[in-house]
Amino acid sequence: MKIWQRNDIYNFSDEFNRIEKYIEWCREWLAYYKIQVIVESKTNWVYNDIVDLQDYNRVKNNINILLQAIQSNLSLLEIRNEVNQNFNEIKANDIEQRLYSIIDRISEEQWRYNITGLTITGNSMKLGGIS
């Protein structure tokens, strides 16, 4: 999980690629657990791409869908349509915190399933490209 500070430079293309790849990872694991969710992800952001309000709200909506799928007790992210929203380290950390809680919850459930023919004992093993 990335923790943002006020003086950090936020690279939207790298960060949104990372967040949206994690959202896809979560969707795939939930499907493995027979929980079907529909999320709209874009994982091909490049340096010159501009993240707009629609992209930001889509990411927040995807995280909300995943939070509901895992029945999290975290509050949902507020989706707002005001064009002049400020994106800051507090909002970035809010997204990161919820995404991390989803990944952690999915990882905790992996011990219940056979993965690659092995039964996982304990819950410290995390597979699927996220460490």
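Worth knowing before you read on, the calculation uses all heavy atoms, side chains too, and leaves out hydrogens, waters and symmetry mates. Along the sequence shown, residues are numbered consecutively beginning with 1.
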Would you mind listing every salt bridge (Lys or Arg N to Asp or Glu O under 4.0 Å) that reaches into residues 60-74, with sequence neighbours excluded?
none
Who passes salt bridge (Lys or Arg N to Asp or Glu O under 4.0 Å) against E24, sequence neighbours left out?
R27
Partners meeting side-chain hydrogen bond (donor to acceptor under 3.5 Å, both in side chains) with N73 (sequence neighbours left out):
none
Short question: side chain of E20, backbone of K42 - any donor-acceptor pair under 3.5 Å?
yes
Distance-only, no hydrogens or angles: does the N57 side chain make a donor-acceptor pair with backbone N or O of R80 under 3.5 Å?
yes
For residues 46-55, pull every pair meeting side chain to side chain donor-acceptor pair (under 3.5 Å), keeping only residues two or more places apart or in separate chains.
D55-R58
Qualifying residues under side-chain hydrogen bond (donor to acceptor under 3.5 Å, both in side chains), relative to R98, sequence neighbours excluded:
S75, D94
How close do I70 and R105 get, counting heavy atoms only, and between which atoms?
O-NH1, 2.9 Å
Approximate separation, where rounding is to 0.5 Å, of I102 CD1 and S72 OG:
7.0 Å
Distance col, row N62:CG vs L99:CG, nearest 0.5 angstrom, shows 10.5 Å
pair S101-L67: side-chain heavy atoms closer than 4.5 Å
yes
Decide if atom CD of E28 counts as having more than 12 heavy atoms of other residues, nucleotides or ligands within a radius under 6.0 Å.
yes
Flag, side chain of Y22 to backbone of Y100, donor-acceptor distance under 3.5 Å
no
With the side chain counted from C-beta on, respond yes when T43 and F16 share a heavy-atom pair under 4.5 Å apart, and no when they do not.
no
Determine yes or no for a side-chain-to-main-chain donor-acceptor pair under 3.5 angstrom, with N64 supplying the side chain and L77 the backbone.
yes
Applying ring pair (Phe, Tyr, Trp, His ring centres under 6.0 Å) as the test, list every pair that has at least one member in residues 57-80; sequence neighbours left out.
none
Look at the rings of W25 and W29 and say which category their plane angle falls in: under 30° parallel, 30 to 60° tilted, over 60° perpendicular.
tilted
Nearest 0.5 Å, what's the CD1-CZ distance between I23 and R18?
10.5 Å
Any link between I79 and I95 through a network of hydrophobic side chains (Ile, Leu, Val, Met, Phe, Trp, Tyr) touching at under 4.5 Å?
no
